[in-house]
Every structure is written in C-alpha cells, then in structure tokens.
Q: 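The structure is given below, and queries will be raised subsequently.
Excluded from the calculations below are hydrogen atoms, water molecules and symmetry mates; all remaining heavy atoms, backbone and side chain alike, are included. So you know, we letter chains A, B, ... as the sequences are listed, proteins then strands, and number each from 1. Being a predicted model, the structure only gives us computed values, none of them experimental.
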Number of protein chains: 2
Amino acid sequence: MSARERVIGAALDLFAENGVSGTSLQMIADRLGVTKAAVYHQFPTKEEIVLTAIAPAMDRLVALAESTAGQRGRPARVRHAIAGVVDLVVDYRRLSAVLSFDPVVIQLVRPHPAMRAVESLLDMIAGPDPDPATRIGVTMVSGGLITAGTDPHLAKMDDEALRSLLTASALRLLGVRPARADQKQ
Amino acid sequence: MSARERVIGAALDLFAENGVSGTSLQMIADRLGVTKAAVYHQFPTKEEIVLTAIAPAMDRLVALAESTAGQRGRPARVRHAIAGVVDLVVDYRRLSAVLSFDPVVIQLVRPHPAMRAVESLLDMIAGPDPDPATRIGVTMVSGGLITAGTDPHLAKMDDEALRSLLTASALRLLGVRPARADQKQ
DNA sequence: GTCTATAAGAAGATAGAC
DNA sequence: GTCTATCTTCTTATAGAC
C-alpha cells in the first residue's frame, strides 16, 4: 500500500470517529506513526485529503446517475437507483452521515461535478412533476439511507442483510414494488 | 432579551451555518458585536454553550417519552411519538441534522439523561420484540425526519405543510394508519 | 456586562536537510 | 518518503480594570 493510500485510509477511519473538522493532520500523522510533514509531502492541503478520500464515492454516484438514466420506466429507474445508493451507503456505513451533514464537507463538495449527479438522481427517483408528498418521500428515503449506518442497533448486522432490508424499506416508502428475484440487477 | 439568551441565539444560528466544531467563540462574539471575554462572562466553556443551546430540545424529548409511555396501544403510541418528533424537527429544521450527526455533539450529549428518553422513544415506536425489518423502518424514519430540514427543496415549505407531510410519510413507513382528524391530539 | 490584554496551546502550512 | 524546526494564525480560556 502506497503512502498516499495509507494517509487516506487513516483519514477515513478518523473521519468516522471524530468527523472531518474534528480530525487534524496531527491525528492522521500520529495514527500512521509519522510526522505532519510526511503527510504534507503526499497532499498539499487538508482539503485535498478530504476530496481524495471521498472521490471513490463521488465517482460511484456519477456512474449511478448515468446508468439510472439508461433504465426505461420509472419503477425500473427507482429500483436501479435505490439499489445503487443502498450499495454505496452500506459500503460507507460509518462515514455517510458524518460526511453528508458536516457543513465543512458540504461547502467543500458543493462545486464538485458529482453534486449534479446527486441532483439528477434525486430527480429521477422523484419522477416528473413530483407532488409535495413524493418530494418528502424522496427526502425521507435519502436521509434515512444516509443515516442508516449510524444506528448502533444495526452495527452488528451483516452487509447483505442490511442491504436487502434497506432496499425493501426504501422501495416501500417510495411506493415502488420490489424487483422479482429473476429480474434483479 | 438577556445577554445569555442573545449568546444562545447567536450560537444556534452559527451552529446551523457552520456546525458546532466550525463555530468559535470569536464568531459568536463577533455576531453579537462584543468581545470573547463578554461571552465567557456568561458561560464558563464552549461546552456549556452547546449544552444550554440544545437543552430545550432535550427537555422536549424527555417530556415526549413520558407522554408517549402514557398512551394505550401501539398505534396510539406511534402516532403520539411521531407527532412529537415531527414537531421537534420542524421547529429545529436547520439544526437537527447538524446537531444529531456531529461527533463532537454526540460525545458531549452521550451521558445526558435525555438520551435514555430517546432510546425508550425508539423502543416504543419499534414495539415489543421488533423484527429486523421493523428496526430498519424505525431507523429510516428517525434518520429521514432528522435530515428532512436540510433538503433545500423543503426550505420554502411552511411549517404546517411540512409537519403534515412528514407525519404521513413516517406513519406510512411504519405501517401505522394516520389518526382521524377528530381523534388527533 | 463589557472591556483590554495576554497566556498557552493546537491548528494548517512551509523550508530545507537527509 | 520522512525528518526537524519554524511560522502564522486561530483556538479556548484567564486576569483584572471599568
């Protein structure tokens, strides 16, 4: 594992524990057993560390928005989008809430092209001309999914079980019938 | 308005904008047009400011847990609890997500007696011996409600409309029929 | 209640040696 | 890639005058 990857790994662990604002370069360096200067050799600023750390998730959101747009019919689109978002939040369980609702991260990520993808994803889930009840449903689902990883009750649940339960719950709230097993994916 | 109240008011505004970790005593003082020392005259530490700022919400959670326990039957309990939580998150629209998912706040609030109330509230909503699907539903609902205030699409919605839509959405996800108008409250 | 002044430390960041 | 050393700025917090 390269030094860059080690920095990102330590940063992600610490972000999950202390939040982005609560994580200093000193803490990252300490966890790796090196000095701050060694970290600064890999990344010019703390902002770059944050952006690099979340880049894989951002890329997945962009890809998901594109593949969702390729689905025909709203039910298929919603199922596809929810499956992708659920995969993402399960993989980022401990991080998604901490990253999604930290004002520092929000400001940092606002100009990122992936945010357009998130917008279009939400729009596709809501469907054309959504009424307020539908909009609220989409908001509830996205908030619920993002925060699902923070619940201590769910910490011991394995990924596969969490995935299927979150998917079922989200589709139910959105009023979309789950995919039959043979047409899944 | 007393000086203490002015400090708390400024702090809440700034917490909503910048998060708790992103808000310094200097920022609070600047917003009030006074010096840091004037703020320190009102509160011994920053922690005290945070705890005092969120105390009213904590008190409401404790009261809600008590009154919910007094309801007979799970549907009535769920309706009562959801109504109370929705009232709270609507009143704290811009703050609830920032406060609920900031690791600094979580650590600070963990020993607070109100957290017992939150636990019991979630348990009452889940009902006795909840299966995993129900537990996930409760998690989704609480996460969805807490984060509802952060959605820019909902910012322009008035409190009454937001309240009724969130209530309907939450009860639907929990599988509880909404209260009839004549038995509401 | 508010002020000036200041301490003591941690933050992000840089220079330059090895 | 990592180090020591340093700079600047910001943080929480205190002392004491008005």
Q: D:dG1 C1' sits how many Å from A:Lys36 NZ, rounded?
A: 18 Å
Q: Reckon A:Ala37 touches a base, only the sugar-phosphate, or nothing at all at heavy-atom distances under 4.0 Å?
A: base
Q: So which one's nearest nucleotide on DNA chain C is more toward 5', B:Ser2 or A:Pro44?
A: B:Ser2
Q: How many Å lie between CD on B:Glu47 and P on D:dT11, as a whole number?
A: 17 Å
Q: Could you tell me the separation between the CZ atom of B:Phe43 and the P atom of C:dG1, rounded to a whole number of Å?
A: 11 Å
Q: Distance check needed: C:dA10 P versus A:Asp30 CG, whole Å only.
A: 11 Å
Q: With a 4.5 Å heavy-atom cut-off, do A:Thr23 and A:Val20 have their side chains touching?
A: no
Q: Check this for me: does the side-chain of B:Lys46 come within 3.5 Å of the base of D:dT11 through a donor and an acceptor?
A: no
Q: Between D:dT4, C:dA11, C:dA13, which nucleotide gets closest to the side-chain atoms of A:Gln26?
A: C:dA11
Q: Grab the CG-C1' distance between B:Leu25 and C:dT2 for me, whole Å please.
A: 16 Å
Q: For A:Arg4, report the nucleic acid contact type (base, sugar-phosphate, nothing); a contact means any heavy atom under 4.0 Å.
A: nothing
Q: Taking the side chain of A:His41 as heavy atoms from C-beta outward, which of D:dG1, D:dA13, C:dA13 is closest to it?
A: D:dG1
Q: Could you state the atom-to-atom distance from CE of A:Met27 to P of C:dA13 in whole Å?
A: 16 Å
Q: Verify the distance criterion only: is there a donor paired with an acceptor across the side chains of A:His80 and A:Ser67 at less than 3.5 Å?
A: yes
Q: Quick one: which of C:dG12, D:dT12, D:dG1 gets closest to the side chain of A:Gln42?
A: D:dG1
Q: Just so I know, are the side chains of B:Tyr92 and B:Pro56 near enough to count as touching, which here means a heavy-atom distance under 4.5 Å?
A: yes
Q: Out of A:Leu121, A:Ile82, A:Val85, A:Ile125, which one pairs with A:Thr68 under the side-chain contact (heavy atoms from CB on, under 4.5 Å) rule?
A: A:Leu121
Q: To the nearest angstrom, how far is B:Ile49 atom CD1 from D:dT11 atom P?
A: 13 Å
Q: What is the separation between atom OH on A:Tyr40 and atom P on C:dA13, rounded to the nearest whole Å?
A: 4 Å
Q: Closest approach of B:Ala155 and B:Arg93, non-hydrogen atoms and distance?
A: O-NH1, 3.3 Å
Q: Closer than 4.0 Å, any side-chain N/O of A:Ser24 to the OP1 or OP2 of C:dA10?
A: no
Q: Under 4.0 Å: is that the gap between some side-chain N or O of B:Thr35 and OP1 or OP2 of C:dT2?
A: no
